[in-house]
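In this text the structure is predicted, and so the values were computed from the model without any measurement. First listed ligand is number 1; within each ligand, the first listed atom is number 1.
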Amino acid sequence: MKKDSRAQITRKESWREYFLLSLESPAIAQNAQPGQFLMVRASVDTHPLLRRPFSIFSAEGKSVEIFFQKVGLGTRLLSEKQEGDTIDIIGPLGRGFTVKKEIRGKHSALIGGGRGIAPLYFLSQKLKAHGGTARVFYGGKSVEDLPVRERFEKSGTTLSCTTEDGSFGTRGQITEAFEAELNNGFTVSRIYACGPELMLKKIAEIAAALNVPAELSLESVMGCGFGACWGCVKRIRKGQEPGWHKICEEGPVLKAEDIIWELGNND
Ligand SMILES: Cc1cc2nc3c(=O)[nH]c(=O)nc-3n(C[C@H](O)[C@H](O)[C@H](O)COP(=O)(O)OP(=O)(O)OC[C@H]3O[C@@H](n4cnc5c(N)ncnc54)[C@H](O)[C@@H]3O)c2cc1C
Ligand code: FES
């Protein structure tokens, strides 16, 4: 974990409420793994005081990228930053996705709902580098929620898009599109996903029914990002035992079977 108080924004892209920032931060970029995150200071003022967590969208050479949706004050302040500005970041943090040697020749499904696509570009590149293949399922309410689809297409990744209003790709929920593909004979040996918790819960159920390992990236409100504040605890299984654990240290990526769904009744 490194602190870089002067990570320079070298490129900014924006689409209505979504933003992609490239940050020059060599020490963080060199150590980053897909699924890990940064804690970003949105303002030099004391408000908002707490850093905000963002998945690492990519890490290459000296640069890391973050992709975020503007939802409140912190993300609004970040969205107003310009190329040449510097921001204060800490990272890489947390446990990311596991990409083992056995992935060579195997096919994975990467499922990202809305801003949940953020850690999956980096993962798709890493899987490819390890000789695996990936198909990315990218879903949102409308086409405006799928701004980074071209980035996947340019990298040659197979992409299936879904929108709830039918404005792009298949109409419906991303999990329905994934299930439909499975029913059409699509096979996977591993599932990775990030997005709203209801979506993740459904994916955990699909993975269990298929008996395929799944890793899911969870969100949690975070104060520090590195184990000091207990702001991020959730009930998960560690070993076989359920207990309250810090998501910033045990996660944010967890095995599907280790997650205790507060919204569901499988607890
Ligand atoms: C490990 C991790 C990785 C993340 N990666 C990304 C990413 O790559 N891109 C991205 O757009 N967002 C990501 N998030 C969510 C992001 O951190 C929040 O959207 C952000 O902190 C909101 O800050 P804000 O000041 O703009 O909003 P606030 O003013 O703090 O809150 C605005 C609204 O967002 C909700 N909110 C705030 N924090 C969270 C949270 N952590 N999870 C769910 N809802 C929240 C609040 O309840 C409120 O409704 C991630 C969260 C975690 C824990
Ligand atoms: S965010 Fe502070 S302990 Fe996890």
Side-chain angles (χ1 to χ4, degrees), residues 1 12-23 28 32-43 45-59 64-81 87-97 110 112-124 138 140-141 144-148 151 192-200 215-236 238 243-254 259 262-263:
M1 173 182 92
K12 175 182 176 180
E13 280 186 76
S14 58
W15 307 261
R16 223 170 52 102
E17 63 191 56
Y18 293 94
F19 301 82
L20 185 77
L21 300 181
S22 298
L23 308 168
I28 292 179
Q33 295 298 327
Q36 289 189 298
F37 65 96
L38 305 180
M39 288 299 281
V40 179
R41 190 97 200 253
S43 162
D45 293 332
T46 48
H47 183 64
L49 184 63
L50 296 177
R51 291 169 185 273
R52 301 296 195 249
F54 298 100
S55 302
I56 297 170
F57 182 87
S58 81
V64 274
E65 289 181 301
I66 55 170
F67 169 71
F68 62 92
Q69 183 181 21
K70 184 165 65 173
V71 293
L73 178 62
T75 46
R76 178 170 67 72
L77 291 171
L78 270 182
S79 74
E80 290 166 359
K81 303 275 183 198
I87 52 176
D88 182 340
I89 61 176
I90 297 178
L93 295 162
R95 290 187 196 196
F97 297 105
L110 278 55
R115 68 186 190 214
I117 198 70
L120 302 184
Y121 178 75
F122 191 9
L123 176 64
S124 67
Y138 186 11
K141 287 193 169 56
E144 288 172 333
D145 296 309
L146 311 179
V148 287
R151 191 66 186 265
Y192 303 91
C194 182
E197 223 161 279
L198 269 174
M199 177 200 109
L200 294 181
E215 290 189 335
L216 312 178
S217 180
L218 280 191
E219 281 197 6
S220 173
V221 174
M222 293 190 176
C224 67
F226 47 82
C229 73
W230 291 85
C232 61
V233 289
K234 285 198 177 202
R235 253 183 100 225
I236 57 170
K238 200 175 165 185
W244 293 95
H245 295 284
K246 297 172 192 168
I247 297 302
C248 69
E249 287 186 332
E250 302 300 332
V253 177
L254 295 161
I259 300 172
E262 307 284 12
L263 294 168

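For the residue pair Y138 / D145, no side-chain donor-acceptor distance below 3.5 Å is found, with atom types taken as modelled.
The parts of T75 lying near ligand 1 are both backbone and side chain, judged by heavy-atom distances below 4.0 Å. Residue contacts with ligand 1 for F57 are absent, since no atom lies close enough (heavy atoms, distance under 4.0 Å). At a heavy-atom cutoff of 4.0 Å, ligand 1 is contacted by the backbone of S220 but not by its side chain. The proximity of A118 to ligand 1, defined as any non-hydrogen pair under 4.0 Å, is limited to the side chain.
For V253, the side chain to side chain contact (heavy atoms under 4.5 Å, CB included) criterion is met by F97, E215, S217, not counting sequence neighbours. Under the rule for a side chain to side chain contact (heavy atoms under 4.5 Å, CB included), the partners of P53 that lie at least two apart in sequence or sit in another chain are F37, M39, M222.
Both cation-pi conditions hold for R151 and Y121: the charged atom is under 6.0 angstrom from the six-membered ring centre and inside a 45 degree cone around its axis.
Annotation: salt bridge (Lys or Arg N to Asp or Glu O under 4.0 Å) contacts involving residues 45-58, sequence neighbours excluded, comprise R51-D88.
Inside a 4.0 Å radius of atom 43 (C) of ligand 1 there is at least one protein heavy atom.
The contact set between ligand 1 and F68, taken as ligand atoms under 4.0 Å from a residue heavy atom, comprises 9 (N), 10 (C), 11 (O).
Around atom 4 (Fe) of ligand 2, protein N, O or S atoms at less than 2.8 Å comprise C232 SG, C248 SG.
Remark: among candidates K70, R52, E17, the nearest residue to atom 24 (P) of ligand 1 is R52, based on non-hydrogen atoms. Considering E219, E65, R115 only, the shortest heavy-atom separation from atom 51 (C) of ligand 1 involves E219.
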